[in-house]
Amino acid sequence: MPQNIRIAPSILAADFAAMGEEIRAVDQAGADYIHVDVMDGHFVPNLTIGPPVIAKLRPHSAKTFDVHLMITPVDPLLDAFAEAGADILTVHPEAGPHVHRSLQRIKALGKKAGISLNPATPADAVDHVLDLVDLVLVMSVNPGFGGQSFIPSALDKIKTLRAKIDATGRTIDLEVDGGITAETAPQAIAAGADVLVAGSAVFTGDAAAYATNIATLRG
Ligand code: DX5
Ligand code: ZN
């Protein structure tokens, strides 16, 4: 069955001083999800935004807000991100002592739950939580910054996870994040990814270019 490829522009690469406008622009340009990178300067060496800013951005698009939490501890803030308007909340297993509990909490909040695997985190980290998740995120760079190069070993991990997801018979997004370009997107899709996060490759040129940038990644 052909994959339903979705593109999730990462607003990390957008103009933070004009974020509402940038989100409206990628929405109109054909984005499927709006990928929001939340960083705490602790779990990752960079800082971005938190729930109050997401709440202000929320009215600018009706598309799925795909919120990637790179913060630790993550549990005390899950409710606030849900209230701010996140549709998907994705956590890293390293970001709390009990990732199963974090995922349970996200589901209890009525949100879609994602688990994110760093480049060195093995695919089998999902084995005992697959029944709880709606999305598996494969990091193809080390988290913290946009504009890094795709780490090729992510492709084997995507293949492994595609088989695990298919074996469940459930609908679970297989998302890849980091270094996605016109060159790496087809490789990630061939390996089995069906949601592509892209920051730099989408927010290049002016808003008029965003539609072309997104269409190019979709293939
Ligand atoms: C990195 C973030 C990514 C990043 C991707 O920690 O999770 O979402 O914004 O940026 P590009 O597409 O430029 O690699
Ligand atoms: Zn991300």
Side-chain angles (χ1 to χ4, degrees), residues 5-16 19 22-23 26 29-50 53-54 57 63-72 74 77 81 86-95 106 112-121 133-155 157-158 173-189 193-205 209-210 212-219:
I5 304 302
R6 281 144 296 152
I7 306 297
S10 163
I11 62 169
L12 188 62
D15 178 356
F16 268 78
M19 195 52 87
E22 290 277 63
I23 287 178
V26 281
D32 298 287
Y33 294 174
I34 306 296
H35 186 83
V36 181
D37 286 305
V38 177
M39 305 184 180
D40 66 353
H42 173 67
F43 182 65
V44 291
N46 198 3
L47 273 171
T48 58
I49 60 172
V53 178
I54 293 174
L57 296 174
K63 302 270 169 82
T64 295
F65 266 36
D66 169 28
V67 177
H68 178 191
L69 298 174
M70 288 162 275
I71 59 175
T72 184
V74 66
L77 284 165
F81 281 106
D87 298 297
I88 305 170
L89 285 169
T90 296
V91 297
H92 285 251
E94 297 85 358
I106 295 167
K112 289 190 171 176
I115 183 165
S116 176
L117 304 184
N118 279 332
T121 304
V133 303
D134 303 287
L135 178 147
V136 175
L137 171 54
V138 175
M139 290 303 303
S140 41
V141 297
N142 284 297
F145 301 97
Q148 304 181 78
S149 297
F150 188 87
I151 297 171
S153 62
L155 294 172
K157 199 190 291 184
I158 291 169
D173 289 351
L174 181 48
E175 182 174 61
V176 57
D177 184 4
I180 292 296
T181 63
E183 289 70 43
T184 57
Q187 298 170 27
I189 292 168
D194 56 11
V195 183
L196 309 183
V197 176
S200 336
V202 169
F203 290 98
T204 292
Y210 296 171
T212 310
N213 298 343
I214 289 171
T216 301
L217 296 175
R218 210 186 290 281

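Numbering of ligands and ligand atoms starts at 1, following listing order.
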Do any N/O atoms on Asp177 end up under 3.5 angstrom from N/O atoms on ligand 1? yes

Gly178 heavy atoms within 4.0 Å reach ligand 1 at atoms 14 (O)

Among the N/O/S atoms of Asp177, the Zn ion (ligand 2) lies closest to OD2

If I compare all heavy atoms of Ile214 with all of Ala31, which pair ends up nearest, and what's the gap? CD1-N, 3.7 Å

So for Phe145, does at least one of its heavy atoms come nearer than 4.0 angstrom to any atom of ligand 1? yes

Ligand 1 atoms in contact with His35 (distance to a heavy atom under 4.0 Å): 8 (O)

Here the atoms of ligand 1 under 4.0 Å from any heavy atom belonging to Pro143 are 6 (O)

Close-contact set for ligand 1 against Ala198 heavy atoms, below 4.0 Å: 12 (O)

Among the N/O/S atoms of His35, the Zn ion (ligand 2) lies closest to NE2

Indicate whether any N or O donor in one side chain lies under 3.5 Å from an N or O acceptor in the other, for Ser10 and Asp37. yes

Answer yes or no: is there a side-chain heavy-atom contact under 4.5 Å between Val26 and Phe203? yes

Evaluate the side-chain proximity of Lys157 to Ile151: yes if any heavy-atom separation is below 4.5 Å, no if none is. no

State the CG-OG1 distance between Asn213 and Thr204, to the nearest 0.5 angstrom. 5.5 Å

contact_flag Gly179 ligand 1 heavy-atom lt 4.0 Å: yes

Only one of His42, His92, Glu94 forms a side chain to side chain contact (heavy atoms under 4.5 Å, CB included) with Thr72, so which one is it? His42

Could you tell me whether Leu12 and ligand 1 have an N or O pair separated by under 3.5 Å? no

Which atom of Asp37 approaches the Zn ion (ligand 2) most closely (N/O/S): OD1

Does any non-hydrogen side-chain atom of Leu57 lie less than 4.5 Å from one of Ile11? yes

Say whether Gly199, considering both its backbone and side-chain N or O atoms, lies within less than 3.5 Å of an N or O atom on ligand 1. yes

Could you say whether the N/O atoms of Ser10 and ligand 1 ever approach to under 3.5 Å? yes

By number and element, which atoms of ligand 1 are closer than 4.0 Å to a non-hydrogen atom of Val197? 8 (O)

Approximate separation, where rounding is to 0.5 Å, of Ser140 OG and Leu196 CG: 9.5 Å

Closest non-hydrogen atoms of Asn142 and Gln148, given as atom of the first, atom of the second and distance, are O-NE2, 2.8 Å

In this structure, OG1 of Thr90 is separated from CD1 of Ile106 (nearest 0.5 Å) by 7.0 Å

For residues Ile88 and Thr64, determine if any side-chain heavy atom of one lies less than 4.5 Å from a side-chain heavy atom of the other. yes

So how far is it from Leu137 CG to Leu117 CG, rounded to the nearest 0.5 Å? 7.5 Å

Among non-hydrogen protein atoms, atom 10 (O) of ligand 1 lies closest to Gly146 CA, 3.5 Å

For Met139, the ligand 1 atoms whose distance to one of its heavy atoms is below 4.0 Å: 7 (O)

Can you tell whether the side chains of Asp173 and Arg6 come within less than 4.0 Å, N to carboxylate O? yes

Distance under 4.0 Å to a non-hydrogen atom of Met39: what atoms of ligand 1 satisfy this? 6 (O)

Which protein non-hydrogen atom lies closest to atom 13 (O) of ligand 1, naming both residue and atom, and how far is it? Ser200 OG, 2.3 Å

Among the N/O/S atoms of His68, select the one at the shortest distance from the Zn ion (ligand 2) and name it. ND1

May I ask you to list the atoms of ligand 1 that are less than 4.0 angstrom from any heavy atom of His68? 7 (O)

Ligand 1 N/O within reach of Gly144 N/O, cut-off under 3.5 Å: yes

